[in-house]
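Order of the sequence lines fixes the chain letters, A, B, ..., with proteins taken first and strands second; residue numbering starts at 1 for each chain.
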There are 2 protein chains.
Amino acid sequence: MTLPPQAGPSGAAAAKLARSIPEATVARLAVYLRMLGELAEQGAETVSSEELATATGVNSAKLRKDLSYIGSYGIRGVGYEVAALHHQIERTLGLDHQQAVALVGVGNLGHALAGYSGFGGRGFPVAALFDVDPDLVGIHINGILVEHVRDIARVCAERGVTIGMIATPGPAAQAVCDQLVRAGVECILNFAPVLLQVPEQVEVRKVDLAVELQVLAFHVARRRAAEAAPGANGAHGPVPATNGSAVLPR
Amino acid sequence: MTLPPQAGPSGAAAAKLARSIPEATVARLAVYLRMLGELAEQGAETVSSEELATATGVNSAKLRKDLSYIGSYGIRGVGYEVAALHHQIERTLGLDHQQAVALVGVGNLGHALAGYSGFGGRGFPVAALFDVDPDLVGIHINGILVEHVRDIARVCAERGVTIGMIATPGPAAQAVCDQLVRAGVECILNFAPVLLQVPEQVEVRKVDLAVELQVLAFHVARRRAAEAAPGANGAHGPVPATNGSAVLPR
DNA sequence: CCATGTGAAGGCCTTCACAGCC
DNA sequence: GGCTGTGAAGGCCTTCACATGG
């Protein structure tokens with residue numbers, strides 16, 4: 001939001017990236033990208049904003065505005081060329097280069113993440129696994145060796161890891177985070193229920209499953225309250241397609 | 001900010017819940033709640049908005065405004081009583097009643113979620129597990145029997161399930177969702193990478209791990225572009241604690 | 001004609017700044 | 001004196017509506 005990324009000017013491969021794409025838009029671009037992949041598989045050549053918007057659950061005007069941030073790749077009167085748009089979004093999201101991911105903490109959740117095909121299949125090969133538990137260090141998960149947390153710096157540097165995922169218990173998370181930062185990791189996806197302290201240049205996103213459930217619990221409670229008190233306003237008002245947001249900043 | 005919260009009218013157990021708490025606030029209340037729990041364990045009696053805000057990574061004014069939606073439980077010149085505030089937030093989020101959760105899909109991710117202690121420990125006991133795989137149906141995970149998806153309606157009704165979690169592959173998700181809805185589930189947490197079609201009264205939140213990584217990848221790419229082009233603005237501008245949001249509405 | 005791309009309006013949320021109360 | 005609670009201002013994002021162009 002500060003920091004207008006200043007387009008890569010010189011050369012034929014001038015990256016668009018014109019000026020700061022809103023965070024909300026970036027998240028949706030990833031969603032559009034997946035749907036475009038599916039459409040391509042189905043043999044579609046073009047999509048209209050209306051179609052793509054409906055398929056991904058957004059308003060078509062919003063979709064067009066989102067796409068306008070990455071340039072004008074639509075054809076008026078026709079729509080968007082599926083393959084070209086797919087390619088442009090990939091470029092914008094930086095998915096034209098693979099990004100090696102390191103996962104720290106292969107307990108319950110971490111083990112599942114290590115085996116999650118949604119990562120490697122989408123350009124995020126899990127390049128390293130770490131834990132402190134002697135029972136885990138040395139084993140292989142999905143063909144990847146689990147190494148000791150103390151080797152984070154060396155291993156991440158060797159394998160060019162750019163993204164770290166933390167799935168340790170809360171109390172261990174900050175120390176692990178510090179290690180990752182020291183190893184030069186620029187972005188961290190944090191599953192531990194703690195606020196990570198990082199230098200400004202490091203980007204953190206937090207996924208908090210307990211918070212997700214609590215937000216849902218709130219909606220259950222709200223509905224019950226509305227049913228119990230039919231008073232005043234006709235309180236059965238439909239859920240207004242609220243915009244959930246539980247991935248918190250650092 | 002319409003309608004000043006109007007204290008509980010009739011009866012002792014008058015539900016507060018005045019009028020629509022912003023969605024963003026609800027998510028943060030859950031975060032405050034966890035921190036209040038930790039503070040209570042450490043023996044703290046009161047916290048100031050400044051302390052609680054710093055500990056949870058938000059602005060203190062925002063925190064006070066958030067708390068103002070659930071009523072005035074602070075003491076001017078002092079702060080908030082930890083135990084009382086904890087209790088009020090629990091009430092607001094509907095955590096004073098346990099909510100039974102059903103999890104459909106105990107493959108990779110689902111298996112981890114079934115064993116995730118962060119749920120049961122926070123008032124969300126996993127009351128049922130479902131899958132279609134004959135190798136999985138019949139086994140126990142964490143002491144819970146895996147049942148066949150075809151029994152969703154009966155089992156959920158029997159056990160009073162109010163929240164469903166879908167961790168199936170994408171193509172299976174919609175059918176499972178329909179089953180859960182038929183079983184009377186009001187809220188769904190969806191880990192499958194598809195847009196679920198539900199009746200208005202059902203609330204869906206989506207957690208999409210691939211999207212999370214793609215958003216981070218974007219930031220890596222952005223930073224690289226900025227480094228490659230030292231032009232114009234002194235582009236090392238710090239990442240401004242962006243507000244990630246990747247849990248999407250239905 | 002039909003669908004994109006976009007200025008302008010509107011809404012929600014955050015931040016400021018200070019009055020009010022302990 | 002210190003900290004809460006909140007009107008007001010500001011910013012980001014969404015939505016509308018239409019000019020633009022294939």
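- Distance from the side chain of S49(A) is smallest to dT4(C) among dT4(C), dT15(D), dT14(D).
- For the pair R64(B) CZ and dA17(C) P, the computed distance is 13 Å after rounding to whole Å.
- The backbone N or O of V211(B) lies less than 3.5 Å from no partner atom in the side chain of R34(A), so there is not a single donor-acceptor pair.
- Distance, Y80(B) OH to dC22(C) P: 14 Å, rounded to whole Å.
- When all heavy atoms of G105(A) and T168(A) are compared, the pair lying nearest together is CA-CG2, 4.0 Å.
- For A61(B), whose side chain is taken as the heavy atoms from C-beta onward, the closest listed nucleotide among dT4(C), dC16(D), dA17(C) is dA17(C).
- Atom CG in L67(A) sits roughly 13 Å away from atom C1' in dT6(C) (whole-Å rounding).
- A donor-acceptor distance shorter than 3.5 angstrom exists from the side chain of Q174(A) to the backbone of Q197(A), with no hydrogens or angles considered.
- The interatomic distance linking Y69(A) (OH) with dG7(C) (P) rounds to 11 Å, in whole Å.
- For R28(A), the side-chain atoms get nearest to dT14(D) when compared with the rest of dT6(C), dA17(C), dT14(D).
- In this structure, the CD1 atom of I70(A) is 14 Å from the C1' atom of dT4(C), given to the nearest Å.
- Within 6.0 Å of atom CD in E38(A), more than 12 heavy atoms from other residues, nucleotides or ligands are found, so the atom counts as buried in its surroundings.
- One can place CG of D66(B) at 13 Å from P of dT6(D), the figure rounded to the nearest angstrom.
- In this structure, K65(B) atom NZ and dG7(D) atom C1' are separated by 7 Å, rounded to whole Å.
- Mapping T25(B) and V78(B) onto DNA chain C by nearest heavy atom places T25(B) at the nucleotide closer to the 5' end.
- R222(A) and E186(B) are not joined by a salt bridge, as no carboxylate oxygen comes within less than 4.0 angstrom of a charged side-chain nitrogen.
- For E23(A), whose side chain is taken as the heavy atoms from C-beta onward, the closest listed nucleotide among dG5(D), dC13(D), dC3(D) is dC13(D).
- Closest contact between the side chain of N59(A) and the listed nucleotides dT4(C), dC16(D), dC13(C) involves dC16(D).
- A straight line from NZ of K62(B) to P of dC12(D) spans 13 Å, rounded to a whole angstrom.
- Side-chain atoms of R76(A) and base atoms of dT20(D) include a donor and an acceptor less than 3.5 Å apart.
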